[in-house]
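Take a look at the structure set out below.
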Amino acid sequence: MNLHEIRREFVEDREFLKLCDRHEEVDLSIAALELARDYFPDLEFDETLQWIDERADEIRQKTFSFQKPFSQIEYLAEVLGHQHGLRGDDRAFLHADGSFLNRVVETGRGIPISLSVLYMAVAHRSGIDLHGVAAPSHFLTRMETIEGPVFLDAFTPGRYMQYDECLDWVQAIADVSRRDAKSGMKAVSHRTIVTRMLNNLKVLYIEQEKWQHALRIQNRLLLLNPSQYASRRDRALISLKAGYPGEALAMLRRIVSTAPEHEQPTLRSQIALAFSEITRWN
């Protein structure tokens, strides 16, 4: 299966395909719901989008009168985190539901990135300029103020931090250098956010051995990064696990000669396994 054939699988996912084509104007909330539709094929987006619009209307009624730099983000956290009960839950990391916007709205529980995407969607519709931050180990959101950036942790309702406090916190929880913590506190693109959401789902599906779901996720990652060696390698390996040895064999043979030397023995063993699977059924 070539890239054109893979792309046809996602013909209905217009916002996702915009990301693949590197467009800047993308509705992140719809792109995230397109990912959820992989798991819920009959998913209608209207209910989730209406919830976002209603929360934005609530917030918009008051934010125009705020004077303090942090008041907007404080009120956003109050409405979503406390009044409407959006919060993190460690158990959400164990289930795909924790990554899907529709289920986060329904259950009130999610992981940092899905909660952050909801916060960003509501903020955008209410006139608050909130951006995603792909910090190490924990996704955050960021708003610029005249007193410097403020960071909001959607996983912990109502928690917001100024730059130095957030830097110390990120460095501690991720156990990284101060330099790496700083580099991870910059605002990131929608494309980076969706890629991180996909990688979260990919790891979960692999752990649960849900190979068909993992393959669809990997197809999305391949479309986002078609020239990346790791995307092509993982697509081949997951294809083999998902029961497509022919596709796996063809891709493995294409990449093995240019793979890092330390990976070549593993890839060659997978080539032998794919060939064995093909001959077993012929």
Side-chain angles (χ1 to χ4, degrees), residues 3 6-7 9-39 43 45-46 48-53 55-56 59 72-73 76 80 86 96 98-105 110-144 149-155 170 183-204 216-228 230-231:
L3 287 175
I6 293 174
R7 187 180 173 102
E9 293 181 9
F10 305 103
V11 67
E12 294 183 0
D13 296 346
R14 296 181 180 179
E15 299 304 307
F16 172 73
L17 292 179
K18 287 180 187 177
L19 292 172
C20 296
D21 296 334
R22 299 181 182 270
H23 289 282
E24 294 183 4
E25 295 298 322
V26 173
D27 189 320
L28 180 60
S29 56
I30 292 179
L33 287 168
E34 289 169 351
L35 306 189
R37 190 163 55 192
D38 288 346
Y39 202 87
L43 177 64
F45 296 176
D46 289 349
T48 304
L49 295 176
Q50 182 179 346
W51 185 93
I52 292 170
D53 286 339
R55 302 295 79 75
I59 291 166
Q72 286 186 328
I73 203 166
L76 177 70
L80 298 184
L86 288 188
S99 293
F100 298 144
L101 296 199
N102 58 307
R103 292 294 294 147
V104 176
V105 167
I111 63 175
I113 193 167
S114 56
L115 290 163
S116 294
V117 169
L118 277 175
Y119 269 67
M120 291 165 63
V122 172
H124 175 73
R125 286 164 173 78
S126 60
I128 300 173
D129 200 17
L130 196 66
H131 300 277
V133 174
S137 301
H138 198 97
F139 200 90
L140 300 165
T141 54
R142 169 178 176 150
M143 185 180 77
E144 305 301 325
V150 183
F151 296 86
L152 178 62
D153 175 15
F155 194 77
V170 168
S183 67
M185 291 172 61
K186 300 174 183 176
V188 295
S189 67
H190 289 351
R191 190 168 179 274
T192 297
I193 294 170
V194 169
T195 298
R196 184 153 167 167
M197 295 181 81
L198 288 168
N199 277 316
N200 287 341
L201 286 167
K202 172 182 170 180
V203 169
L204 183 64
R216 189 162 177 84
I217 293 296
Q218 190 57 44
N219 282 343
R220 288 188 182 275
L221 286 166
L222 183 61
L223 289 176
L224 287 169
N225 300 283
S227 61
Q228 186 184 72
S231 291

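Contact of the Leu49 side chain with the Ile30 side chain is registered, since non-hydrogen atoms from C-beta on lie closer than 4.5 Å. Using a 4.5 Å heavy-atom cutoff, the side chains of Leu221 and Ile217 are in contact. Under the 4.5 Å side-chain criterion, counting only non-hydrogen atoms from C-beta, Phe100 is in contact with Leu201. Side-chain contact between Leu130 and Leu76 is present, with heavy atoms from C-beta onward closer than 4.5 Å. Here the side chains of Ile113 and Ser99 are not in contact, with every heavy-atom distance at 4.5 Å or above. No side-chain heavy atom of Leu152 sits less than 4.5 Å from a side-chain heavy atom of Met143. Contact check for Val194 versus Val26: no side-chain heavy atoms found under the 4.5 Å cut-off.
Between the side chain of Arg216 and the backbone N or O of Asp38 there is no donor-acceptor pair closer than 3.5 Å. In terms of modelled atom types and a separation under 3.5 Å, the side chain of Glu34 and the main chain of Phe16 share a donor-acceptor contact. Of the possible polar contacts, one joining the Ser114 side chain to the Gly98 backbone as a donor-acceptor pair under 3.5 Å is found. With Gln218 contributing its side chain and Ser231 its backbone, the two residues share a donor-acceptor pair below 3.5 Å. The backbone N or O of Pro149 sits nowhere less than 3.5 Å from a side-chain atom of Arg142 that would complete a donor-acceptor pair.
Counting all heavy atoms, side chain and backbone alike, Leu204 lies closest to Ala96 at CD2-N, 3.3 Å. Shortest non-hydrogen contact noted between Ala32 and Met197 is CB-CE, 4.1 Å. What you find for Ser116 and Thr141 is that their closest heavy atoms are CB-CG2, 3.7 Å. The shortest non-hydrogen separation linking Leu115 to Gly110 is CD1-O, 3.6 Å. Considering all non-hydrogen atoms of both residues, Ile73 and Val150 come closest at CG2-CG1, 4.0 Å. Across all their heavy atoms, Leu33 and Leu43 have their closest contact at O-CD2, 3.8 Å.
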Can Asn199 and Val203 be said to form a side chain to side chain contact (heavy atoms under 4.5 Å, CB included), step by step? CA-CA 6 Å; Asn199 277 316; Val203 169; 5.6 Å; no
| Yes or no on side chain to side chain contact (heavy atoms under 4.5 Å, CB included) for Asp129 and Glu144, after CA distance, side-chain angles and deciding distance? | CA-CA 8 Å; Asp129 200 17; Glu144 305 301 325; over 6 Å; no
query: Would Ile193 and Phe139 count as a side chain to side chain contact (heavy atoms under 4.5 Å, CB included) if you check the C-alpha gap in whole Å, the side-chain angles of each, and the deciding distance to 0.1 Å?
result: CA-CA 9 Å; Ile193 294 170; Phe139 200 90; 3.6 Å; yes
field: Residue pair Phe10, Asn219: steps toward the side chain to side chain contact (heavy atoms under 4.5 Å, CB included) verdict
entry: CA-CA 10 Å; Phe10 305 103; Asn219 282 343; 4.0 Å; yes
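Taking the six-membered ring where the residue is Trp, Phe155 and His138 present perpendicular rings, their angle passing 60° and hence far from 30°.
For the atom pair Ser29 OG and Glu15 CD, the distance stands at 8.5 Å (nearest 0.5 Å). Here the CD atom belonging to Gln50 is positioned 9.0 Å from the CZ atom belonging to Arg55, to the nearest 0.5 angstrom. Atom-to-atom distance recorded for Leu118:CG and Leu28:CG is 9.5 Å, nearest 0.5 angstrom. The distance from the OG1 atom of Thr195 to the NZ atom of Lys202 is 11.0 Å, given to the nearest 0.5 Å. How far CH2 of Trp51 is from CG of Leu101: 9.5 Å, rounded to the nearest 0.5 Å. Separating the NE2 atom in His190 from the NZ atom in Lys18 is a distance of 10.5 Å, to the nearest 0.5 Å.
Ion pair Asp27/Arg125 flagged as a salt bridge, since at least one NZ, NE, NH1 or NH2 atom sits closer than 4.0 Å to an Asp/Glu carboxylate oxygen.
With Cys20 as reference, Leu223 is the one residue of Asn225, Leu3, Leu222, Leu223 to meet the side-chain contact (heavy atoms from CB on, under 4.5 Å) rule.
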